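Have a look at the structure below before the remarks.
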Amino acid sequence: MRQVIFGLALVALPALSQAETVSSDRIEAFVAVMAENGCRMSPFRADKIMPAAGFDDKAETKAITERLIVEERARIIDGKLVAFGGACGGKLDYSGRERFFAALADNNCVMTSEQAPTLLGRVGVEMAEVRLLMEKMLRMSEVRLSQDEKLVYLEQGLCDTFKGLSGDMAKSAPTPKVAPRSAEQLRQDFLAFMATEGCSMTRGEADNKLPAAGFSVKEMRPVIGKMLAGGEAVMDTDADTLTINKELCAQ
């Protein structure tokens, strides 16, 4: 079997005597090369990239990789070295595919269609993304479906690799994207807010209170402009105060 540049087994690391002698400068230079290549690298790609970047000693590269893993600055995930920290940022950024695998692995390698929204949502995978991922994962035999298509099974090798990772992925799950409010929804929310403020507000008060209530100046400018044009609100330029029509505000 070809000796690859990482030289690592996925389940155990050899003695660290050599790893402990690698200088910090060389480790950070290695991570910088990883950063230039997306902080992820397969053994095949490493054999192409690392020697040209000055890391042609496979013993040294293996020692650096071991050191990064022991210090929890890298992991072997799905056959690739994934680095984080330093030039690669402060935390490990998992892909949607990896998050999907971990969710199944920590659920005994199987998931029902009813469980999917909860299990996948916990690790930061949106259902819209799942539909895009499934076709490729099925084609590559990474997952398989039950005959009635209500169960998804994870391939055993992937199950072993990703087991125990869903907790970390849940902690780093991205914040769900919130759909922007329509102009009419903004208008209704703004009216409800103004009712709590006596239907009138100075520009200075608005600058402080509107952002705290979840309204941005950019999104509210056209909404308020339309209300002014339609007679639903008036602007007293002398007092620099916006006042909502009392009848409208009280609804």
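FYI, side chains are in, hydrogens and waters are out, and symmetry mates aren't considered; it's all heavy atoms of this structure. Just so it is clear, the structure is predicted and the values come from calculations on it, not from any experiment.
Within the 4.5 Å cutoff, no side-chain heavy atoms of Val31 are placed close to those of Glu36. For the pair Met169/Arg122, no side-chain contact is recorded, criterion being any heavy-atom separation below 4.5 Å from C-beta on. A heavy-atom distance below 4.5 Å is found between the side chains of Ile49 and Met41. Taking 4.5 Å as the limit, every side-chain heavy atom of Cys109 sits out of range of all side-chain heavy atoms of Glu155.
Taking a cutoff of 4.0 Å between a charged side-chain nitrogen and a carboxylate oxygen, Arg75 and Glu98 do not qualify as a salt bridge. Ion pair Glu232/Arg187 flagged as a salt bridge, since at least one NZ, NE, NH1 or NH2 atom sits closer than 4.0 Å to an Asp/Glu carboxylate oxygen.
Atom CG in Leu242 sits 12.0 Å away from atom CD in Glu197 (nearest 0.5 Å). In this structure, CG in Leu104 is found 11.5 Å from CD in Glu142, a value given to the nearest 0.5 Å. The distance from the CG atom of Asn107 to the NZ atom of Lys163 is 10.5 Å, given to the nearest 0.5 Å. The distance from the NZ atom of Lys58 to the OG1 atom of Thr65 is 12.0 Å, given to the nearest 0.5 Å. To the nearest 0.5 Å, atoms OG (Ser24) and CZ (Arg67) are separated by 5.5 Å.
Residues Leu145 and Leu154 fall within the same hydrophobic cluster, defined by Ile, Leu, Val, Met, Phe, Trp and Tyr side chains chained together at heavy-atom separations under 4.5 Å. Clustering ILVMFWY residues whenever any of their side-chain heavy atoms sit less than 4.5 angstrom apart, transitively, puts Tyr153 in a cluster other than the one holding Phe101. When the side chains of ILVMFWY residues are joined at heavy-atom separations under 4.5 Å, either directly or via intervening members, Val33 and Ile64 end up in a single hydrophobic cluster. At a threshold of 4.5 Å between side-chain heavy atoms, the hydrophobic network of Ile, Leu, Val, Met, Phe, Trp and Tyr places Met220 and Val234 in two separate groups. Using a 4.5 Å cut-off between side-chain heavy atoms of Ile, Leu, Val, Met, Phe, Trp and Tyr, with links allowed through other members, Met201 and Val223 fall into the same hydrophobic cluster.
Across Thr243 and Ser200, no two heavy atoms sit closer than the pair OG1-OG, 3.2 Å. The shortest heavy-atom contact between Phe55 and Thr61 is O-OG1, 3.7 Å. When all heavy atoms are compared, the tightest approach of Leu228 to Ala233 is CD2-O, 3.4 Å. Taking all atoms of both residues into account, the shortest heavy-atom contact from Leu138 to Arg144 is CD2-CA, 4.0 Å. Residue Cys199 comes nearest to Lys246 through the heavy atom pair CB-NZ, 4.4 Å, listed as atom of the first residue, atom of the second, then distance. Of all heavy-atom pairs spanning Ser166 and Asp106, the tightest one is OG-OD2, 2.6 Å.
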Does Leu68 form a side-chain contact (heavy atoms from CB on, under 4.5 Å) with Met34? I'd like the steps, not just the answer.
CA-CA 12 Å; Leu68 288 171; Met34 291 287 295; over 6 Å; no
With side-chain contact (heavy atoms from CB on, under 4.5 Å) as the test, would you mind laying out the steps for Met227 and Asn245 before giving the verdict?
CA-CA 10 Å; Met227 293 178 69; Asn245 178 295; over 6 Å; no
Going through the distances and angles, do Arg40 and Leu81 end up as a side-chain contact (heavy atoms from CB on, under 4.5 Å)?
CA-CA 6 Å; Arg40 292 168 178 265; Leu81 179 68; over 6 Å; no
Walk me through it: do Leu191 and Ile244 pass the test side-chain contact (heavy atoms from CB on, under 4.5 Å)?
CA-CA 8 Å; Leu191 287 173; Ile244 305 298; 3.6 Å; yes
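Of the possible donor and acceptor atoms, none in the side chain of Thr241 sits under 3.5 Å from a partner among the backbone N and O of Thr202. The closest donor-acceptor contact from the side chain of Asp236 to the backbone of Asp238 lies under 3.5 Å. A donor-acceptor contact shorter than 3.5 Å links the side chain of Ser42 to the backbone of Arg45. Between the side chain of Arg99 and the backbone N or O of Val125 there is no donor-acceptor pair closer than 3.5 Å. In this structure, the side chain of Gln115 engages the main chain of Thr112 through a donor-acceptor pair within 3.5 Å. Under a 3.5 Å cut-off, the side chain of Asp56 and the backbone N or O of Ala52 do not form any donor-acceptor pair.
Residues Asp25 and Ser23 bring no donor and acceptor atom of their side chains to less than 3.5 Å of each other.
Residues satisfying the salt bridge (charged side-chain N to carboxylate O under 4.0 Å, His left out) criterion with Arg26, sequence neighbours excluded, are Glu60.
When the shell of 6.0 Å around CD of Glu184 is examined, it contains more than 12 heavy atoms from other residues, nucleotides or ligands.
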